[in-house]
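We name chains A, B, ... by the order of the sequence lines, and we start the count at 1 in each one.
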Amino acid sequence: MNEVDNQEIAAQFERIAELLEIQGENPFRVRAYRNAARTIQNLPRNLASMVAAGERLEELPTIGKDLAAKIREFVTTGSLRKLRELERAVPPGMRELLKVPGLGPKRLRVLRDELGIRDLAALERAAREGRVRQLPGFGEKSERKLLAELNELQRRARRFPWAEAEALATRLLAHLKTARGARRVEMAGSYRRLRDTVGDLDILVSATRDNAVMETFVAFERVERVLSKGRTRASVVLDNGLQVDLRVVPRASFGAAWHYFTGSKAHNIAVRVMGVRRGLKINEYGVFDQSGRRIAGSDESSLYAQVDLPWIPPELREKRGELEAAARGGLPRLIERADLRGDLHAHTTRSDGEDDLATLARAARALGHEYLAITEHSQHLRIAQGLSADALLAHCDAIDALNQNLDGLRLLKGVEVDILEDGALDLPDEVLARLDLCLGAIHSAFGLSRRRQTERLLRAMDNRWLDIIAHPTARLLGKRPACELDIERILESARQSGCALELNAQPLRLDLDDIHCRMAREHGVAIVISSDAHSARQLDNLRYGIAQARRGWLEAGDVLNCLSWDALRARLRRNR
DNA sequence: GCCGTTTTCGGCCCGACTGTTTTCAGTCG
């Protein structure tokens, strides 16, 4: 049951959209599939179970009669007739061609009809032989550009973890502030929305009429190539392949432009539609009434006010129900870094950490933590020098001893015990029972089937000494995909047993992700936000976790380590 | 293909930049 994942269904629709686009279909029809794919990706409920329960999928936004039928078809048969037909009709290489920047459906058709180009290799050949420049709508320049894009396709395709982009973003902001005439310089885009990864950086500058912002921008030392450069907009590629888009606007338009440039696109479009319904035009320069007079836009709040909404935090602007929530005054009071009172996941040199107990404790106290759980690996994880039962108990004695001399910080005795392939825990119950808390985690057999992986975690949660599942999907951004899991079953079981789930704040994990966090909140499952620090410096990972938690609509009340240790201890499963 | 407090048909966000054009189409965000 529920073997079909929402993401799979979304991928089917996205694929149909691509193929329809290549065929030159009505762009609005293409968009309908894309909109539906988005809705499904963001849906906090499993569509397969909705189908099984006979619920009306047509009630979902962007899902009409036709797409509801297609969802049912996919859930029950495991494939879509429409997609099979399209895949027969469109050569497989065309999809890659659509990803080449500068190639859209129209020019793609010309290439195919005039030169018979059906894949990247054929395009490269034709461009090298100078055949592309002879086509209508193409010229020498576009031919050269296409060749350059083909060269870079691999590098440009990757998304950058937010934390990796952060260093560049910080330097770029500082650089742009030195530009003549620059007044205000801000990050926008998915970076401002604090997404776990960013495809590019978007920067917004307000400046005086006579300014040198564009010149300063393209002179940034890490700029490798200028893609475009106009009076108000420019795009460059940095030497690591990261694209940066810059927009310069007058001060009176800053709020409208910041809103527009922050996105998400789906959120923006929805806001603009709300404006249209009120007889207003909303663009990056402001909110305009029917006479064309600007009535708002110097700051974001004034724009939202024109469509009768309060200001919406950027982390929520994903068209995941934030507009409806805002309209009824029901936006969450998002968790903040200062709400966290301690950290429940850290490693020392005793397993695979870089700093010893005392160093970690000092750093935690400097961060203002009331408590820090020491959670070494268990014996099964040899590569991380996991501890045997005896070694763990000895380590606990060391923690007790250090606690005697600590002022204002309490070290907790924990463990990150391996969840073995069959769901058993890697240490005996009588050892786990002697700890303050126990994390369990998957560090092997990531590739199990969805059913077996789910059962593995369910069985692990059968153990009453397991308080928290750490990094539940075991994903590593850009390196390892999330394990296949029936997250709804996991959440249901966690709710019943009182097991909490971790939002691991390592910048490459951020696991649970934003959507899973939101699902946990709606299921009434407690979350802990943990640094998983392997050094004193990494204790500060928590800020990445806070970002992800905010994207998941979490409030302080949803997160266990916003509690004092006494209150938190009472909430741990072992003490209930 | 979706959607509806002017509509069940005829709309569907809006503007900048580029290159190939002699006034605009295509692409992108």
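The P atoms of dG19(B) and dC12(B) are separated by 30 Å, rounded to the nearest whole Å. Only the C1' atoms considered, dT22(B) is 24 Å distant from dC28(B), to the nearest whole Å. For the P atom pair drawn from dT21(B) and dG15(B), the interatomic distance equals 27 Å after rounding to whole Å. Taking atom C1' in both dC2(B) and dC13(B), the straight-line distance is 16 Å, to the nearest Å. A distance of about 16 Å separates the C1' atoms of dT23(B) and dC17(B), rounded to the whole Å. When the C1' atom is compared between dT20(B) and dG26(B), the two are found 11 Å apart, to the nearest whole Å. Rounded to whole Å, the separation between the C1' atoms of dG11(B) and dA16(B) comes to 25 Å. Here, dG1(B) and dT6(B) have their P atoms 28 Å apart, quoted to the whole Å.
Remark: the backbone N or O of Ile335(A) is paired with a side-chain donor or acceptor of Arg550(A) at under 3.5 angstrom. Panel note: side chain Glu58(A), backbone Lys65(A); no donor-acceptor pair is recorded below 3.5 Å. Not one N or O on the side chain of Arg294(A) forms a donor-acceptor pair closer than 3.5 Å with the backbone of Val287(A). Glu129(A) places no side-chain N or O within donor-acceptor distance of the main-chain N or O of Ala127(A), the cut-off being under 3.5 Å.
Under 4.0 Å is where a charged nitrogen must lie from a carboxylate oxygen, and between Asp514(A) and Arg518(A) no such pair does. The existence of a salt bridge linking Glu318(A) and Arg551(A) is confirmed by a sub-4.0 Å separation between a basic side-chain nitrogen and an acidic carboxylate oxygen. Salt bridge status for Glu149(A) with Lys145(A): absent, with no side-chain N to carboxylate O gap under 4.0 Å. Residues Arg233(A) and Asp245(A) are not paired through a salt bridge, judged by the lack of any N-O separation under 4.0 Å between the basic side chain and the carboxylate. Ion pairing of Lys82(A) with Glu85(A) is absent here, as no side-chain N (NZ or NE/NH1/NH2) approaches a carboxylate O to less than 4.0 Å. Between Arg225(A) and Glu152(A), at least one side-chain N (NZ, or NE/NH1/NH2) sits under 4.0 Å from a carboxylate O, which counts as a salt bridge. Salt-bridge annotation for Glu322(A) and Arg317(A): absent, with no side-chain N of the basic residue lying under 4.0 Å from a carboxylate O of the acidic one.
Among the protein residues, Tyr260(A) comes within range of the nucleic acid bases, having at least one heavy atom under 4.0 Å from a base atom. Within 4.0 Å (heavy atoms only), Pro61(A) reaches sugar-phosphate atoms of the nucleic acid but no base atom. Contacts of Glu25(A) with the nucleic acid, taken as non-hydrogen atoms under 4.0 Å apart, are absent.
For Arg247(A), counting side-chain heavy atoms from C-beta on, the closest listed nucleotide (dA16(B), dG19(B), dC14(B)) is dA16(B). Closest to the side chain of Val276(A), out of dG29(B), dG1(B), dC13(B), is dC13(B). Side-chain proximity of Ser228(A) to the nucleotides dG15(B), dT18(B), dG29(B) is greatest for dT18(B). Comparing dC17(B), dG29(B), dT20(B) by their closest approach to the side chain of Thr232(A) singles out dC17(B). Among dG29(B), dA16(B), dG1(B), the nucleotide with an atom closest to any side-chain atom of Lys265(A) is dG29(B).
Judged by distance alone, with hydrogens and angles left aside, Tyr285(A) brings no side-chain donor or acceptor close enough to the base of dG15(B) to form a pair under 3.5 Å.
Between Asp245(A) atom CG and dT18(B) atom P there is a gap of 12 Å when expressed in whole angstrom units. Straight-line distance from the OH atom of Tyr33(A) to the P atom of dC3(B): 14 Å, rounded to whole Å. Per the geometry, CD belonging to Glu14(A) stands 16 Å off P belonging to dG1(B), to the nearest Å. One atom, CD1 of Ile22(A), and another, P of dG26(B), lie 17 Å apart when rounded to the nearest Å. Protein atom NZ of Lys229(A) is 9 Å distant from nucleotide atom P of dT18(B), rounded to whole Å. Per the geometry, NZ belonging to Lys281(A) stands 7 Å off P belonging to dC14(B), to the nearest Å. Protein atom CG of Leu111(A) is 13 Å distant from nucleotide atom C1' of dG26(B), rounded to whole Å. In this entry the distance linking CD of Glu284(A) with P of dA16(B) reads 6 Å, nearest Å.
In dT22(B) the O4'-C1'-N dihedral to the base is more than 90° from 0, which defines an anti nucleotide.
DNA chain B is contacted by both Ser142(A) and Gly230(A); Gly230(A) maps to the nucleotide lying nearer its 5′ end (nearest heavy atom per residue). Of the residues near DNA chain B, Gln243(A) and Leu135(A), the one whose nearest nucleotide (by heavy atom distance) lies more toward the 5' end is Leu135(A).
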Report each atom pair, protein N/O against N/O of nucleotides 6-12 of chain B, whose distance is under 3.5 angstrom.
residue : atom : partner  : partner atom : Å
dC12(B) : O3'  : Arg31(A) : NH2          : 3.4

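A distance of 6.0 Å or more separates the ring centres of His175(A) and Phe217(A).
For Asn283(A) and dG15(B), the shortest distance from a side-chain N or O to OP1 or OP2 is below 4.0 Å.
Base pairing analysis places dC9(B) opposite dG4(B); the two distances defining the Watson-Crick or G-U wobble pair are each below 3.5 Å.
Residues of residues 86-107 of chain A having a heavy atom closer than 4.0 Å to DNA chain B, listed by number: Val100(A), Pro101(A), Gly102(A), Leu103(A), Gly104(A), Pro105(A), Lys106(A), Arg107(A).
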